Protein chains: 2
Amino acid sequence: MEDPPPTPATPATPATPAFPGTSAPPAAPAGPAAPAGLTAPAAPTGSAATLHDVAREAGVSIATASRALNGSARNVRAENVARVRAAAAKLDYEPHLSAQAIAKGSTRTVALVVRDVADPYFSTIAAGVTQAATEAGLIVTMAVADGSPERELEIVRTLRGQRPRIIIVTGSRIEGTTTRDALIEELTQYRTAGGRVVLISQRDLPFGTVTIDDRGGSAALARALLARGYRRFAVFHAAPSLRTSRDRHEGFLSGLDGSGAPAPLAFETGFTRDGGHEAARRLVGRGMGDVEAVFAVNDVMAIGAMTAFREAGLIPGRDIGVAGFDDIAPAVDVLPALTSVAVPLREAGLTAMRLALSTDDPTAHHPLPAQVTLRSSTPHRPTP
Amino acid sequence: MEDPPPTPATPATPATPAFPGTSAPPAAPAGPAAPAGLTAPAAPTGSAATLHDVAREAGVSIATASRALNGSARNVRAENVARVRAAAAKLDYEPHLSAQAIAKGSTRTVALVVRDVADPYFSTIAAGVTQAATEAGLIVTMAVADGSPERELEIVRTLRGQRPRIIIVTGSRIEGTTTRDALIEELTQYRTAGGRVVLISQRDLPFGTVTIDDRGGSAALARALLARGYRRFAVFHAAPSLRTSRDRHEGFLSGLDGSGAPAPLAFETGFTRDGGHEAARRLVGRGMGDVEAVFAVNDVMAIGAMTAFREAGLIPGRDIGVAGFDDIAPAVDVLPALTSVAVPLREAGLTAMRLALSTDDPTAHHPLPAQVTLRSSTPHRPTP
DNA sequence: CAAACTGCGGAATACGTTTTCCCATGGCGT
DNA sequence: ACGCCATGGGAAAACGTATTCCGCAGTTTG
């Protein structure tokens, strides 16, 4: 059910390419870069060929040159087309996109604002967006909000100056701030000006939205663990203001509903590896009780927890089941391999672009399924 | 060890954020998106406020409005500035970047071409570039070459149309193709037109270049392992046409030079986790001989190898030392923690931008040091 | 055979800015 | 008083392209 050449259906391949070397003596590389002036870019001096040049070279008018190169509604005699093409090639002409944008009144740009490119979560989404954009002949410009709502607002504002066809924002997770309202206002403004906006992993906003089914995935995970014989759980979650964490937590609980399993212990901690580690230590410290498995609301927390358990003399997968969420690449390399739920990140990026390009209701919401992936960190429990 | 709010200096944090939910019933999320028309973006219909509007609203001329908002060399009476500002705010005016670009004759854009955004290697570099660009008030547009030289060439070509101030390309690794020559030609062209080009992890090209010291890092790793008592090695490497692999391999050998250690066994395999796994199986299959440690030219290979060893009944870090390269996040989470050499990826992105913005020699080469990080996968060998 | 039509080239205009040039005003020195 | 300079506003000319409109062939139609 996947497109063959371009899109890897599952981002399962943990390949990590890398690169060539240096030209300095291997032993003594230069220091971390002399802090060159980081603020004042020099303006380009030389100049590129213009359509005017091409027209002159080809011995035709600018209008004809334009028509020949971009094939408008009007026709141009074959001979002239050839001459213009030749001239363009000779002069290495490349149309000035800004000029085109201004003449045509529209750009071929999609603006993508993410929270952090270095984060695999967002970079995978970005990959999906970029792929779809390229297929549609669009150029993507990217901005990083760094988790700051103010920065995000500022970005969207200046982005509007680019007059992109589409704005896609992923990573905003602010709840009910005035900054948030301003953002909505800004985006609405943009849309009434003819732009198209799509949000990723956002909810209940009057824009096109693609979401990932955190609740459903967690619920399914809970059911899968029940099926493997686990009944007594602990949940490691982050602050409830963190929407993702809350959704996954609640989803897990709802999956347990009606099973008769006791309410899980809940440990609030950081959304990071160290958070998971810390929560696990706390759990061990207070006595494991009869907890059979822990669900951490993301994989890095789960992995941190596994390490902590091991440090306490417990072997994950044998003495205690562990499950995470996200299905990040190392989940399969860790020992034991981590049960998790895979989220279709790239697919989310693709879908966002599709939504933006479609002519349908521009405020449609589009949920993407998350898929539970059972591994040896949660083996079947021996039936007593 | 975690980033406070904004920019983590070291990309060491393995955090994997995630996100909110869905609006559909958790159990039955919709399929993978109706394939909406993916080719014909609709042109924006409504229109945004223009400088003309602002001027009229403020009761001044366009020239004054322009000067008031962007503060040129000329002064504007305070009262008029205030009125223009107010009008701009009221109309939600945002200057049309394309129009500005065309009027000023230069953009504030930096074009970044990477091989694959989803790859942490490149996305981390991209993060560095983006950060530096933002600090310099520049906008970054990103294109993905997907490892295809032709695509890369095409991208650079159309990129020229954007008239960016700077082009940064990372990921090109083609050797001596005619496509490669065309790329060089294209970039040269761009530079003579006033643009600035910086390459990352490329060598011996007449452009600004920042490289990562693969050879030096590998050599240092070799020496560090010697110091821990290892003398007999195997090297898992990829095809020598892969520059990175070759550099790291050769660097490792040069680090062994003069130590009297025997020449390592060499195993050629894929540059991936499975490649490492396969090579390790081969090594085990032929009998380990007296190999004491293996150096895999990247971390995922090393991690794959560890798993393979374990499957063969050997415990990594006890029965066999394992070291990798890149120091990817999971290196520290894997069991045992993996010895590796850290590459300053984000720093590479930052440096590239600095190079581009500096007024120095535009073809300067800038090597970045790689740092060996010893962990428990290569403990001290008991001195016999 | 005149009239209408088609095909295509070019001049001119538009797009939204910045910037140059010109002009009006007012303060100052002599 | 008179010229000068400083200050700041506005008209207009760029910037590089797309497009509208006009005009000139050449061709079809009645």
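To find a chain, count down the sequence lines: A is the first, B the second, and so on, and within it residues start at 1. Quick caveat: nothing in here was measured; it's all calculated off a predicted structure.
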Chemist: Give the C-alpha distance, both sets of side-chain angles, the deciding distance and a yes or no for side chain to side chain donor-acceptor pair (under 3.5 Å) between Arg346(B) and Gln131(B).
Modeler: CA-CA 9 Å; Arg346(B) 183 177 210 112; Gln131(B) 178 187 334; 3.1 Å; yes
Chemist: So Asp146(B) and Ser148(B), side chain to side chain donor-acceptor pair (under 3.5 Å) or not? Walk me through it.
Modeler: CA-CA 5 Å; Asp146(B) 250 339; Ser148(B) 149; over 6 Å; no
Chemist: What's the CG-P distance between Asn75(A) and dT19(D), to the nearest Å?
Modeler: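 Those two atoms, CG and P, are 15 Å apart.
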Chemist: Do Arg163(A) side-chain and dG16(C) base share a donor-acceptor contact under 3.5 Å?
Modeler: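 Between dG16(C) and Arg163(A), which were checked side chain against base, a qualifying N/O pair under 3.5 Å is absent.
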Chemist: How long is the line joining CD1 of Ile62(A) and P of dA11(C), in whole Å?
Modeler: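 Nearest whole value for this atom pair: 9 Å.
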Chemist: Is it the case that the base of dT6(C) and the side chain of Arg74(A) share a donor-acceptor contact (distance under 3.5 Å, atom types as modelled)?
Modeler: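 There is none.
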Chemist: Charged N to carboxylate O under 4.0 angstrom, Glu154(A) versus Arg157(A)?
Modeler: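 Here Glu154(A) does not pair with Arg157(A) in a salt bridge, since their nearest N and O are not under 4.0 Å apart.
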Chemist: When you get a sec, tell me which of dG9(D), dG16(C), dC21(D) is the closest nucleotide to the side chain of Val76(B)?
Modeler: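 Shortest atom-to-atom distance from the side chain points to dG9(D).
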Chemist: Can you name the nearest heavy-atom pair linking Val197(B) to Leu187(B), along with the distance?
Modeler: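 For Val197(B) and Leu187(B), the tightest heavy-atom pair comes out as CG1-O, 4.0 Å.
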Chemist: Tell me which of Lys104(B) and Gln100(A) sits closer to the 5' end of DNA chain D, going by the nucleotide each one is nearest to.
Modeler: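 Residue closer to the 5' terminus by nearest nucleotide: Lys104(B).
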Chemist: Measure the distance from CG on Asp53(B) to P on dC15(C) and round it to the nearest whole Å.
Modeler: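 After rounding, the gap between these two atoms is 11 Å.
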Chemist: Taking only N and O in the side chain of Asn70(B), is any of them less than 4.0 Å away from OP1 or OP2 of dT17(C)?
Modeler: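 Answer is no, no contact under 4.0 Å.
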Chemist: Round to a whole Å and report the spacing from CZ of Arg67(A) to P of dG10(C).
Modeler: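 Atom CZ in Arg67(A) sits about 9 Å away from atom P in dG10(C).
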Chemist: Please figure out whether Ile102(B) or Ser61(B) has its closest DNA chain D nucleotide nearer the 5' end.
Modeler: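 Looking at DNA chain D, the more 5' nearest nucleotide goes with Ser61(B).
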Chemist: Between atom CE of Met142(B) and atom OG of Ser123(B), what is the distance when rounded to the nearest 0.5 Å?
Modeler: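 Met142(B) atom CE to Ser123(B) atom OG measures 9.5 Å (nearest 0.5 Å).
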Chemist: Taking only the side-chain nitrogens and oxygens of Thr50(A), find out if one of them lies under 4.0 Å from OP1 or OP2 of dT17(D).
Modeler: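 Yes, Thr50(A) has a side-chain N/O under 4.0 Å of OP1/OP2 on dT17(D).
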Chemist: Nearest to the side chain of Arg77(A), which nucleotide is it out of dG9(C), dT17(D), dT19(D)?
Modeler: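 Of the candidates, dG9(C) comes closest.
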Chemist: In Å, rounded to the nearest 0.5 Å, how long is the span from CG of Leu205(B) to OG1 of Thr188(B)?
Modeler: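 Separation between the atoms: 8.5 Å.
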Chemist: Would you tell me if any nitrogen or oxygen in the side chain of Ser66(A) comes within less than 4.0 Å of OP1 or OP2 on dA18(D)?
Modeler: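 Checking Ser66(A) against dA18(D): at least one side-chain N or O falls below 4.0 Å of OP1 or OP2.
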Chemist: Report, one line per pair, each donor and acceptor closer than 3.5 Å where one atom sits in a side chain of residues 84-97 of chain A; sequence neighbours left out.
Modeler:
unit_1: Lys90(A); atom_1: NZ; unit_2: Glu57(A); atom_2: OE2; d: 2.9
unit_1: His96(A); atom_1: ND1; unit_2: Ser98(A); atom_2: N; d: 3.2
unit_1: His96(A); atom_1: ND1; unit_2: Ala99(A); atom_2: N; d: 3.3

Chemist: Considering only side-chain heavy atoms of Ala103(B), which listed nucleotide, dT17(D), dG10(C), dG16(C), is closest?
Modeler: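 Given the options dT17(D), dG10(C), dG16(C), the side chain of Ala103(B) is closest to dG16(C).
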Chemist: For the pair made of CD in Gln162(A) and P in dT17(C), what is the distance, rounded to whole Å?
Modeler: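 Rounded to the whole Å, the gap is 15 Å.
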Chemist: Could you identify which residues of residues 79-99 of chain A place a heavy atom less than 4.0 Å from some atom of DNA chain D, listed by residue number, or say none?
Modeler: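 Only Tyr93(A), Pro95(A), His96(A), Ala99(A) qualify.
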Chemist: Just to be sure I understand the rule, does Leu51(A) reach a base, reach only the sugar-phosphate, or reach nothing, if contact means heavy atoms closer than 4.0 Å?
Modeler: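 The answer is sugar-phosphate, as Leu51(A) gets under 4.0 Å only of primed atoms, P, OP1 or OP2.
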